[in-house]
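Data block below; observations after.
A, B, ... follow the sequence lines: proteins, then strands. Residue 1 opens every chain.
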Amino acid sequence: DAMVIQNPRYQVTQFGKPVTLSCSQTLNHNVMYWYQQKSSQAPKLLFHYYDKDFNNEADTPDNFQSRRPNTSFCFLDIRSPGLGDAAMYLCATSFGWGVRNQPQHFGDGTRLSIL
Amino acid sequence: DQQVKQNSPSLSVQEGRISILNCDYTNSMFDYFLWYKKYPAEGPTFLISISSIKDKNEDGRFTVFLNKSAKHLSLHIVPSQPGDSAVYFCAAHNAGNMLTFGGGTRLMVKP
């Protein structure tokens with residue numbers, strides 16, 4: 001089955017220690033997204049890629065970076081995690097841009113804990 | 001400023017009865033609305049959607065109603081089943097493919 005796969009499912013890191021979360025997709029979708037979701041809150045978009053074109057949300061902290069080396073993979077790098085960065089991180093994909101009947105497909109998320 | 005709001009954090013319904021989940025929005029530029037369902041330890045999965053040019057869309061047990069004048073949409077599940085117990089997110093599109101999510105409603109369907 002075509003899927004969005006996130007690794008690892010659970011990640012524990014130390015305060016200030018860089019961490020990388022990964023996402024891969026077999027859907028061959030052009031657009032990939034990273035969301036942050038804190039407990040009982042709405043998912044919040046951090047950034048997205050349309051092919052290799054990177055788009056940062058205005059309020060995404062500089063501490064968060066992303067890489068998309070090819071169509072299938074996208075990485076979220078947190079350079080110096082703080083306690084406030086503990087959250088569920090969701091990767092999503094979509095076919096094209098502005099295609100209304102093509103909803104975003106989500107991975108199962110990576111839950112990040114900061115010690 | 002929350003543009004999409006789900007004012008009920010939780011809802012409990014008896015199996016076989018109707019579940020009604022509500023969502024309000026403030027941005028009149030939203031032109032497409034979706035409902036996602038999320039089980040614990042899983043990502044959201046798409047459930048049903050509606051274009052702003054329609055007022056109703058139905059898919060099996062799930063129906064979404066849109067009232068543009070009130071900037072309100074609702075998801076009806078009939079009949080509710082225990083497997084429907086999950087968190088439901090309302091989401092809206094404006095320009096491009098950007099989604100704005102509501103905070104979610106936890107539905108519990110009791111056997």
Name the region of B:Tyr36, side chain, backbone, both or neither, that has any atom closer than 4.5 Å to a heavy atom of chain A.
side chain
Cut-off 3.5 Å, side chains only: do B:Asn67 and B:Ser69 have a donor facing an acceptor?
yes
Select one option (side chain, backbone, both, neither) describing which atoms of A:Arg111 are under 4.5 Å from chain B's heavy atoms.
neither
Aromatic plane relationship, A:Phe47 with A:Phe54 - under 30° parallel, 30 to 60° tilted, over 60° perpendicular:
tilted
When every non-hydrogen atom of A:Thr60 is compared with those of A:Leu45, the smallest separation belongs to OG1-O, 4.1 Å
Is B:Ala41 in contact with chain A via its backbone, its side chain, both, or neither, using a 4.5 Å heavy-atom distance?
both
Part of A:Glu57 lying under 4.5 Å from any heavy atom of chain B
side chain
Heavy-atom nearest pair, B:His76 first then B:Ile18, reads ND1-CD1, 3.7 Å
Any sub-3.5 Å donor-acceptor pair from A:Ser66's side-chain atoms to A:Phe75's backbone N or O?
yes
Leading residue by heavy atom contact count with chain B [cutoff under 4.5 Å; candidates A:His105, A:Gln6, A:Gln37]:
A:Gln37
